[in-house]
Amino acid sequence: MSDKIIDVAAGLILRPDGQLLLGQRPEGKPWSGWWELPGGKLEPGETVLQALARELQEELGIRVTEARPWVTYVHAYPHTTVRLAFCHVTGWEGEPTGLENQSLRWVDPAHAGEVGDLLPATLPPLRWLQLPTRYGISAIGTPEALPAWLERLDRALADGLKLVQWREPGWPEGADAASLHAALQLTLKRCRAAGARVLVNSMHPRAWWIEADGVHLRAADAAALSERPALGDGALVGVSAHDNAEVVHARTLGADFAVLGPVLPTASHPGQPAIGWDGFVQHNRDAGLPVYALGGQGAATLRDAQQHGAHGIAGIRGLI
């Protein structure tokens with residue numbers, strides 16, 4: 001690995017139909033013929049978004065009108081180490097054109113490999129794009145509240161919710177032990193019918209993680225691990241984090257995403273100090289994986305969260 005790290009801004013240029021722009025590295029450049037996200041090196045004194053706008057103007061002839069930070073990720077090639085600041089580009093003027101003799105192609109991110117060989121550092125963001133921007137968390141509380149929860153869940157699923165965390169710390173100890181598992185099974189049935197995935201919080205039995213679509217690790221449970229939990233193919237692993245060290249540990253474990261907060265005051269944790277958006281940005285630095293903002297989040301805060309580098313938002317009342 002090279003000791004020198006090269007800072008690069010890379011753009012995920014997404015059309016409204018979800019198609020993503022890739023460019024093919026031209027002859028004469030390292031990794032020629034491989035496909036990558038457009039972008040380039042930061043020049044001295046440039047911010048990431050300034051560098052991205054300049055590079056896309058030079059490479060593609062477009063003028064960026066709307067872009068936001070996303071995930072910063074370090075990748076070591078055999079002779080170079082790059083720190084890639086991936087950004088979403090959702091507004092631009094002009095039609096992308098290969099001004100550096102590179103071929104361009106609009107692709108479905110889920111099937112981008114069909115275009116040809118993809119540069120290794122391009123693979124993680126293509127995987128991250130498959131994560132939805134809203135992550136709902138259960139809070140049923142008691143068996144008597146289950147019917148009302150299922151009604152709320154049905155409405156959220158109909159509204160497009162695709163990822164749910166099953167987390168029930170308050171289920172009464174005196175209740176039938178099987179009743180919580182039965183409630184999970186009802187939730188799984190509804191979510192799968194709607195094409196949504198369910199992660200089980202690590203406070204619940206490991207057998208449930210496998211029955212569902214993966215696990216969401218509490219910060220303390222993640223801290224006790226040195227590697228990703230062994231689950232089935234396609235299973236997801238999420239991690240709760242409250243600071244940068246816990247976000248970095250989530251990346252070290254090979255988690256698919258982290259949840260960071262509380263960003264804003266929240267009714268579920270009264271009195272717990274909120275980190276605010278500046279704190280979110282600070283703790284999310286060099287995350288290396290998508291991070292959801294938690295605490296006081298709802299539909300009205302999604303855009304604000306993404307402008308501060310969040311992949312999306314997580315919440316209880318605001319989402320289900």
Side-chain angles (χ1 to χ4, degrees), residues 1-14 20-64 67-90 92 96-105 107 109 112-113 115-129 244-245 247-252 254-255 257-258 281-291 308-311:
M1 180 188 296
S2 169
D3 291 335
K4 179 177 173 57
I5 295 181
I6 299 173
D7 283 295
V8 172
L12 289 95
I13 303 176
L14 288 157
L20 175 72
L21 186 68
L22 293 180
Q24 188 177 36
R25 294 180 66 82
E27 291 295 326
K29 283 194 173 184
W31 298 80
S32 63
W34 291 63
W35 293 83
E36 65 178 350
L37 297 164
K41 300 175 187 176
L42 273 67
E43 293 183 352
E46 281 186 322
T47 67
V48 166
L49 293 180
Q50 287 170 343
L52 183 65
R54 175 184 52 75
E55 285 285 348
L56 298 187
Q57 178 78 57
E58 294 172 0
E59 281 187 34
L60 306 175
I62 62 173
R63 189 178 79 83
V64 174
R68 54 181 169 81
W70 186 32
V71 178
T72 300
Y73 174 79
V74 175
H75 184 86
Y77 287 100
H79 304 293
T80 309
T81 300
V82 291
R83 181 188 291 113
L84 292 140
F86 293 113
C87 304
H88 280 271
V89 179
T90 52
W92 64 90
T97 305
L99 300 182
E100 298 180 348
N101 298 317
Q102 77 274 38
S103 298
L104 302 177
R105 190 80 57 83
V107 301
V115 75
D117 291 326
L118 300 172
L119 211 60
T122 300
L123 298 175
L126 294 175
R127 185 174 67 249
W128 300 332
L129 280 176
N244 181 252
V247 170
V248 169
H249 185 60
R251 178 190 70 213
T252 302
F257 64 87
V281 171
Q282 178 67 13
H283 294 312
N284 189 33
R285 67 189 187 280
D286 294 337
L289 79 173
V291 177
H308 287 89
H311 176 77

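Computed from a prediction, not measured in an experiment: that's the story for all the values here.
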Is the shortest side-chain heavy-atom distance between [X] and [Y] below 4.5 Å?
X	Y	result
Glu55	Val64	no
Leu56	Ile13	yes
Leu289	Val247	yes
Arg285	Thr72	no
Phe86	Pro290	no
Thr81	Ile6	no
Leu49	Cys87	yes

Nearest 0.5 angstrom please: [X] [atom1] to [Y] [atom2], how far?
X	Y	atom1	atom2	value
Trp35	Arg105	CH2	CZ	4.5 Å
His311	His88	NE2	NE2	7.0 Å
Arg68	Trp70	CZ	CH2	8.5 Å
Leu119	Gln24	CG	CD	11.5 Å

Mind listing the closest non-hydrogen atom pair of [X] and [Y] along with its distance?
X	Y	value
Ala250	Ala258	CB-CB, 4.2 Å
Trp128	Gly288	CZ2-O, 3.3 Å
Leu99	Gln57	CD1-O, 3.9 Å
Pro96	Leu21	CB-CD2, 3.7 Å
Thr97	Leu104	C-CD1, 3.6 Å
Leu22	Leu118	CD1-CD2, 3.8 Å

- After noting the C-alpha distance and the side-chain angles of Glu46 and Leu52, does the key distance pass the side chain to side chain contact (heavy atoms under 4.5 Å, CB included) rule? CA-CA 9 Å; Glu46 281 186 322; Leu52 183 65; over 6 Å; no
- Item | Aromatic centroids of His75 and Tyr77 separated by under 6.0 Å | yes
Is it the case that the side chain of [X] and the backbone of [Y] share a donor-acceptor pair, with hydrogens and angles ignored and the cut-off at 3.5 Å?
X	Y	value
Glu59	Glu100	no
Tyr73	Ala121	no
Gln102	Arg25	no

- Sort out for me which residue in Val89, Thr90, Thr122, Leu20 forms a side-chain contact (heavy atoms from CB on, under 4.5 Å) with Leu12. Leu20
